[in-house]
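The block underneath contains the structure these notes are about, expressed in structure tokens.
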Amino acid sequence: MKDKIIGIVKAAIVAAHEKGELGSSEFPPIEIEVPKNADHGDFSTNAAMVSARIQKMAPRKIAEAIKANVVDSDGIISGVEIAGPGFINFSVEPSAWHPFIKAVHDRGNDYGSGSIGKGKKVQVEFVSANPTGPLHVGHGRGAAVGDTVARVLSYCGFDVEKEYYINDAGNQIQTLGLSVLLRFQELAGHTIDFPKDCYQGDYIKDIAGTIKLDELPGDVAGALSKDCTDGQYDSLAVEHCSRLAGEVILNGIRDDLSAFGVDFDVWFSEKSLFDDGRVDRSLADCQKKGIVYEKDGALWFKTSDFKDEKDRVVKRSDGNTTYFASDIAYHMDKFERGFDRVINVWGADHHGYVERMKAAVEASGVSRDRLDIILVKLVNLLRAGEPAAMSTRSGEFVPLKDVVDEVGRDAARFIFLTRHYESALDFDLELAKKKTNENPVFYVQYAHARVCSVEKKGKDTAVEVSENINPDLLTEAEEILLIKKMADFPDVVEYAAMNMEPHRVTFYLMELASCFHTYYNKHRALTDDPDLTAARLYLLSAVRIVIKNGLELLGVSAPESM
RNA sequence: GCGCCUGUAGCUCAGCUGGAUAGAGCAACGGACUUCUAAUCCGUAGGCCAGGGGUUCGAAUCCCUUCAGGCGCGCCA
């Protein structure tokens, strides 16, 4: 519809120019928008205002010329008005909206999908929490955002791969293994002064508790039982514990995410970058390019040449590479894998890392625009308006699993997506469980269930619903509004994809649900008139399809009854 | 100290690629269930878009600045 209006406007400008009413047939990019105020018609364009400079005429004069040359060959326009400083407002015949109902039905599950992605390869990397403890609510938000961005992009025709980067290298894993070893020794009766910099959570004790010496090879068992109260740790024992803990925790993370409806295509191991020499290779590559240099016995990356505030160490003077070095190799690898675009979803506390990462990417010869970094702000967990008591179990954070167990996956995901990712989110556990209008999840799901309920009842009436209904029976203002809203859906999805803003879809669904609830309360679908009933059922089925498609993008279920 | 982000109704937030009278939900107040699910709907009220400057036909939106809050500034990960 929008495209049609744009075409009409452009044709009118050309026609006006040919008649000499306009000085030029050129036009700057013309915007057509749906006015906020319904009095301003269905569509509005600022074409006259933005053309003022080129045409060297007053905007209202230009608008007059355009208006006079509007040719409406399809007969969809019911009115053209000039208003304000030079807006041209178009009103569309209500009947012109009717074909959209059929369009929804025809495309079904694909209604709203598109092809602007042109099959371009995009990678979305998200969560990527260190496998040193269970996921907490903050990770949950990142998971919901990342997963939905991936779904939306995929729906728009991008070839999307979801990836989890496992930080299984470096000394945090050593520390993890040591933590488990010490807890194990504690359980074995040794008196241990548990270090502060070890992982404090009870899950460490749980893992230590699963170790059964008699099931292990002799040398490992021996190493584990060796007393290390003197601070002498057997590397074999630590290594065993590291591997064990890493596995257990990663499996837990996998399960938590799966229960949250998030599945990854690739689980990428940082350790693998070392094992096959990719870190060394990428460093050597950087040296060849002259973008690293030595100073004070360490190796530095010239990130400051690429807008970062200072240079960064990639290899410490003790010979160990930094996390940054792994990340450079990792990102090289991503682009070598052929992704046109790489999207990283990070916690906002990593924002200081953005510039250096982009610098590194640019320094290695890849345009920085191909790396997008979404910074997701923190989650404040509340219970009935008060800060929720921190879980004792994991120490500092409330585990994602606890939240999902308590409020359900649908509510959790939906609420995580009710805000722009850049604003801090208050997540109220009590509110998430409420089954009222305060809780937006139920509001939208309820709309879906209501449609299903009407459809079910409709089946008993023996009215035949098909695309052969008479759309002209749908003349109520609320019906036209609903159709217009549904017609918006593809644009909303596309906008959400291009701007990586999944909350657009969430807000859209709340609006659509609102249009539906209003209509539902005012007009009955099941009437004495079979033709009218059929037409309304056909309309409502379309609404159901759109809600379902939208919820699917958010990873939220669309229940048929509630 | 430097950097990034945020500041919109009593509360929680949309709107920000400049457009017309700044929108929702909650809370408040008043209404609607013999009728397809009231987990809903309708109405009323509520605003110096943090403050100040600038850019222009036009600013919540762009620029500068002040204030307030969050976060980050390691040869940690």
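For the numbers below, each heavy atom of this structure counts, side chains included, while hydrogens, waters and symmetry mates do not. By convention in this document, chain letters (A, B, ...) are assigned in the order of the sequence lines, proteins followed by strands, and residues within each chain are numbered from 1.
- Taking the C1' atoms as reference points, B/rA22 lies 28 Å from B/rG31, given to the whole Å.
- In this structure, B/rC33 is classed as syn because its glycosidic torsion stays within 90° of zero.
- Atom P of B/rA45 sits at a distance of 16 Å from the matching atom of B/rG10, rounded to the whole Å.
- Base pairing annotation: B/rG1 forms a Watson-Crick or G-U wobble pair with B/rC73, both donor-acceptor distances under 3.5 Å.
- Ranking B/rC75, B/rG72, B/rC36 by closeness to the A/A298 side chain, first place goes to B/rC75.
- Across all strands shown, A/R419 has heavy atoms under 4.0 Å from sugar-phosphate atoms exclusively, and none from any base.
- Considering only the side chain of A/H503, B/rG15 comes nearest among B/rU12, B/rU17, B/rG15.
- Residue contacts for A/S423: at a heavy-atom cut-off of 4.0 Å it reaches the sugar-phosphate backbone alone, with no base atom in range.
- Note on A/E479 versus A/R536: salt bridge recorded, some NZ/NE/NH1/NH2 to OD/OE distance being below 4.0 Å.
- Ranking B/rC42, B/rC36, B/rU40 by closeness to the A/N521 side chain, first place goes to B/rU40.
- With salt bridges taken as basic N to acidic carboxylate O contacts below 4.0 Å, one links A/E355 and A/R368.
- The side chain of A/M49 lies closest to B/rG19 when the candidates are B/rG19, B/rC36, B/rG70.
- The phosphate of B/rC73 has neither OP1 nor OP2 within less than 4.0 Å of any side-chain N or O from A/R356.
- No engagement by A/H448 is indicated, since no non-hydrogen atom pair under 4.0 Å with the nucleic acid exists.
- A side-chain donor-acceptor contact under 3.5 Å links A/H331 to the backbone of A/D327.
- A salt bridge links A/K334 to A/E125: one of the charged nitrogens lies within less than 4.0 Å of a carboxylate oxygen.
- When the nucleotides B/rC5, B/rA14, B/rC36 are ranked by their closest atom to the side chain of A/E422, B/rC5 comes out on top.
- In this structure, the aromatic ring of A/H420 is not positioned over the six-membered ring of the base of B/rA14 within 5.5 Å between centres and 30° between planes.
- With no hydrogens or angles considered, no side-chain donor-acceptor pair links A/Q172 and A/T132 at under 3.5 Å.
- The ring of A/F87 lies on top of the base of B/rA20, close enough and flat enough: under 5.5 Å between centres, under 30° between planes.
- For A/K485, the NZ atom is densely surrounded, since the number of other residues' heavy atoms within 6.0 Å is greater than 12.
- Checked against B/rA20, B/rG70, B/rA14, the side chain of A/F507 finds its nearest nucleotide in B/rA14.
- Between A/Y323 atom OH and B/rG74 atom C1' the separation is 15 Å, expressed in whole Å.
- Among the protein residues, A/K377 comes within range of the nucleic acid bases, having at least one heavy atom under 4.0 Å from a base atom.
- Taking the P atom of each, B/rG23 and B/rA60 are spaced 13 Å apart, rounded to whole Å.
- Map A/L425 and A/T322 each onto its nearest nucleotide of RNA chain B; the residue landing nearer the 5' end is A/L425.
- Using a 4.0 Å heavy-atom cutoff across all strands shown, A/A449 reaches at least one base atom of the nucleic acid.
- Separating the CZ atom of A/F427 from the C1' atom of B/rU12 is a distance of 14 Å, rounded to the nearest angstrom.
- Checking B/rA77, B/rC41, B/rG15 against the side-chain heavy atoms of A/R504 singles out B/rG15 as nearest.
- Taking only side-chain atoms of A/K310, from C-beta outward, the nucleotide of B/rU12, B/rG74, B/rG15 with the closest atom is B/rG74.
- Of the side-chain N and O atoms in A/R316, one or more sit less than 4.0 angstrom from OP1 or OP2 of B/rC76.
- Counting any heavy atom pair closer than 4.0 Å across all strands shown, A/H517 reaches sugar-phosphate atoms only and no base atom.
- Where A/K295 and A/N89 meet RNA chain B, the nucleotide closest to each residue was compared, and A/N89 sits on the side nearer the 5' end.
- When only modelled atom types and interatomic distance are considered, A/Y165 and A/N344 share no side-chain donor-acceptor pair under 3.5 Å.
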